[in-house]
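Inspection log for the structure reproduced underneath, given as structure tokens.
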Amino acid sequence: MDASADTASNTEVVTRFAPSPTGFLHIGGARTALFNWLLARRAGGRFLVRIEDTDRARSTQPAIDAILDGMRWLGLDWDGEPVFQFQRAARHAEVAQAMLDSGHAYKCFATAEELEAMRADQRARKQPLRYDGRWRDRDPAEAPAGAPFVVRLRAETTGATTIHDQVQGDVTVQNAELDDMVLLRSDGTPTYMLAVVVDDHDMGVTHVVRGDDHLNNAFRQLGIVRAMGWAEPVYAHIPLIHGPDGAKLSKRHGALGVEAYRDELGILPEALDNYLLRLGWGHGDTDIIDRTAATALFDLADVGRSPSRTDAKKLENLNGHYIREADDARLTDLVAPRVAALIDRPLTPDDHALLLRAMPELKPRARDLNDLADGALFLYRTRPLPLDDKAAGLLQGDAPVLLATIAGELAGVETWDVAGVEAALRVVAERAGLGLGKVAQPLRAALTGRTTSPGIFDVVALLGRDETLARIGDRTATAA
RNA sequence: GGCCCCAUCGUCUAGCGGUCUAGGACGUCGCCCUUUCACGGCGAAAACACGGGUUCGAUUCCCGUUGGGGUCACCA
């Protein structure tokens with residue numbers, strides 16, 4: 001059967017992201033969504049979202065919200081409203097009935113205990129575990145009246161099926177390997193296998209791009225597609241993402257929700273997007289690829305076939321890059337709440353303005369938003385400043401004397417800006433016969449409580465005359 | 001265990017028979033810039049899993065071995 005039969009007259013590319021709302025949006029799902037988004041946007045097609053909530057016990061509204069919020073944060077906008085799979089149960093049952101009517105499906109009255117016994121036996125004999133087709137050719141009339149049953153696909157038992165996967169290449173499986181899967185459960189609700197196929201068809205999905213863990217499912221799903229005589233979608237199974245240890249990404253290590261990258265790790269969405277894009281996909285030697293470039297460059301042919309591991313350092317590096325590129329006002333808005341949390345009070349409009357002014361000096365030094373907030377902390381500390389050990393060390397000996405000299409010179413500065421401050425401090429260093437570093441370090445310690453900070457002239461200029469002199473005063477007074 | 005997939009520096013990858021003494025990036029280590037830390041610049045160490053073929057010639061093609069991963073539900 002030709003996959004393009006039904007879509008020959010309609011070349012629009014339609015992709016979809018179909019998460020099951022049983023948890024947050026982890027980075028594996030985010031990358032799958034990104035690739036689907038890119039493929040659709042590149043082709044000028046549509047990108048749809050379907051919430052696979054047929055598992056009523058495990059699906060939750062918070063999970064739905066988290067997934068959709070995560071997608072919005074990453075800039076993965078979808079077309080139309082999300083489709084909720086559970087609401088389409090009647091349509092799924094309808095298709096199952098059609099297959100029953102056409103003989104492509106049949107009723108199976110085997111009980112759960114019976115099937116478990118069957119598998120135990122297969123395990124004992126070291127046989128593959130699969131349904132043995134015991135009701136495939138039996139007359140339903142043989143079942144006890146009113147007995148519960150499931151509807152199973154009457155799968156091909158001979159020959160082989162080949163999928164021309166856009167990422168994995170041609171993959172062939174013997175049909176004998178596939179058993180008659182359940183389409184409708186005994187309570188009449190559809191299984192995932194049935195629902196996916198029906199929904200993808202009804203939604204007009206042309207390209208199914210999903211995790212490699214679904215490759216085996218594709219063969220079974222194709223059985224339903226063919227039984228219904230529908231167009232076969234183009235498949236692309238992308239390799240899974242592994243944790244730093246090479247094992248499958250699980251809740252234990254790398255599998256954080258994207259909101260954790262945003263809230264706890266202080267990652268910028270464009271950085272995570274770029275990182276995820278380069279995980280499993282490459283375009284020559286280029287590593288820094290923003291959304292616009294990615295949309296123009298993305299091609300399934302460039303997706304690798306082997307799983308990749310997450311690398312926090314690489315993400316941090318990319319994040320640092322995008323922080324340096326980011327607009328100061330945007331960064332200020334993003335960092336302000338973090339600073340407020342650190343100093344345990346809200347920022348005033350003046351505080352906010354100061355943060356904005358300091359941003360050009362702050363952002364080259366940060367790899368994430370937490371770094372940025374921490375780097376801005378010295379601006380808002382209340383006197384007397386707490387000193388870290390190294391800073392305290394720099395304020396020993398005759399440092400207070402030097403600081404007093406600095407204060408004297410600074411007091412005479414007419415225009416309190418970087419140039420004015422620099423001139424004054426250079427005068428101090430020259431008169432004392434010291435290198436600028438010998439002057440800058442004690443001053444930095446006194447003004448920030450630390451040994452690292454933005455350039456000392458900037459620090460002084462940002463702090464302002466009064467605060468600068470007061471902080472210096474705290475150190476000359478206590479030492480004297 | 002059956003079936004399926006994968007295999008280049010620690011990691012992400014470029015390479016689609018000769019251009020490979022295998023390129024880039026992150027990380028690591030030096031040096032430079034410099035008032036500190038970053039940023040930036042320069043440089044170094046670091047990989048074709050193994051064994052057979054095919055070929056005049058294999059990192060590139062084929063087979064096997066080994067290793068890793070995925071999947072085998074009335075879960076998605």
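The figures here come from the full heavy-atom set of this structure, side chains too, leaving out hydrogens, waters and symmetry mates. Computed from a predicted model, the values in this text were never measured in an experiment. Order of the sequence lines fixes the chain letters, A, B, ..., with proteins taken first and strands second; residue numbering starts at 1 for each chain.
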Listed pairs, N/O of protein and of nucleotides 68-72 of chain B, under 3.5 Å:
from  : atom 1 : to       : atom 2 : distance (Å)
B:G69 : O2'    : A:His242 : NE2    : 3.4
B:G70 : N2     : A:Asn216 : ND2    : 3.3
B:U71 : O4'    : A:Asn216 : ND2    : 3.2
B:C72 : O2'    : A:Leu129 : O      : 3.0

_Quiz item: A:Arg444 side-chain donor-acceptor pair to B:U35 base, under 3.5 Å_ = yes
*Report yes or no: is the cationic atom of A:Arg56 (NZ for Lys, CZ for Arg) closer than 6.0 Å to the six-membered ring centre of A:Phe86, at no more than 45° off its axis?*
yes
*Can you see which heavy atom on A:Val49 is nearest to which on A:Met203, and at what distance?*
O-CE, 4.2 Å
*Residue A:Tyr192, side-chain heavy atoms: nucleotide from B:A76, B:C74, B:C39 that is nearest*: B:A76
*To the nearest Å, how far apart are A:Arg305 CZ and B:U8 P?*
12 Å
*Give a yes or no on whether a donor-acceptor pair under 3.5 Å exists between the nucleobase atoms of B:C37, that is its base, and the side chain of A:Ser453.*
no
_Short side-chain N/O contact to B:C37 OP1/OP2 from A:Thr451, under 4.0 Å_ = no
*So, A:Thr162 and A:Asp170: side-chain donor and acceptor under 3.5 Å apart, yes or no?*
no
*Distance, rounded to the nearest Å, where A:Leu318 contributes CG and B:G27 contributes P*: 10 Å
*Among the candidates B:C12, B:C6, B:C37, find the nucleotide nearest to the side-chain atoms of A:Leu279.*
B:C12
*Applying ring-ring contact (aromatic ring centres under 6.0 Å, His included), which residue pairs with at least one partner in residues 171-195 of chain A are found, sequence neighbours left out?*
A:Tyr192-A:His214
_Looking at B:A25, which nucleotide sits across from it as a Watson-Crick or G-U wobble partner, both distances under 3.5 angstrom, or is there none?_
B:U11
_Nearest to the side chain of A:Thr452, heavy atoms from C-beta on, is which of B:C6, B:U36, B:U35?_
B:U36
*Take A:Thr111 and A:Arg31, find for each the nucleotide of RNA chain B with the closest heavy atom, and name the residue whose nucleotide sits nearer the 5' end.*
A:Arg31
*Less than 3.5 Å between a donor and an acceptor, one on the side chain of A:Arg324 and one on the base of B:C39, is that the case here?*
no
*Between B:A76, B:C39, B:C74, spot the one nearest the side chain of A:Leu115, thanks.*
B:C74
Could you pull out the protein-nucleic contacts involving nucleotides 21-24 of chain B (nitrogen or oxygen on both sides, under 3.5 Å)?
from  : atom 1 : to       : atom 2 : distance (Å)
B:G23 : N2     : A:Asp285 : OD1    : 3.0

*Name the pairing partner of B:C50, where a pair is Watson-Crick or G-U wobble with both distances under 3.5 Å, or state none.*
B:G64
*Flag this pair as yes if the NZ/CZ of A:Arg152 is under 6.0 angstrom from the six-membered ring centre of A:Tyr131 and inside a 45 degree cone about the axis; otherwise no.*
yes
*Tell me yes or no: between the side chains of A:Asp290 and A:Tyr322, is some donor less than 3.5 Å from an acceptor?*
no
*OP1, OP2 of B:C74 versus side-chain N and O of A:Thr191: anything below 4.0 Å?*
no
*asked:* Distance alone, cut at 3.5 Å: any donor-acceptor contact between the side chains of A:Arg444 and A:Gln441?
replied: yes
*asked:* Donor-acceptor check, side chain of A:Arg475 to backbone of A:Leu403, threshold 3.5 angstrom: yes or no?
replied: no
*Nucleotide opposite B:U71 in a Watson-Crick or G-U pair, distances under 3.5 Å*: B:G2
_Between A:Asn317 and A:Asp187, which residue's closest nucleotide on RNA chain B lies nearer the 5′ terminus?_
A:Asn317
*asked:* Using Watson-Crick or G-U wobble geometry with both distances under 3.5 Å, which nucleotide pairs with B:C33?
replied: none
*Is the count of non-hydrogen atoms from other residues, nucleotides or ligands lying under 6.0 Å from A:Gln97 atom CD greater than 12?*
yes
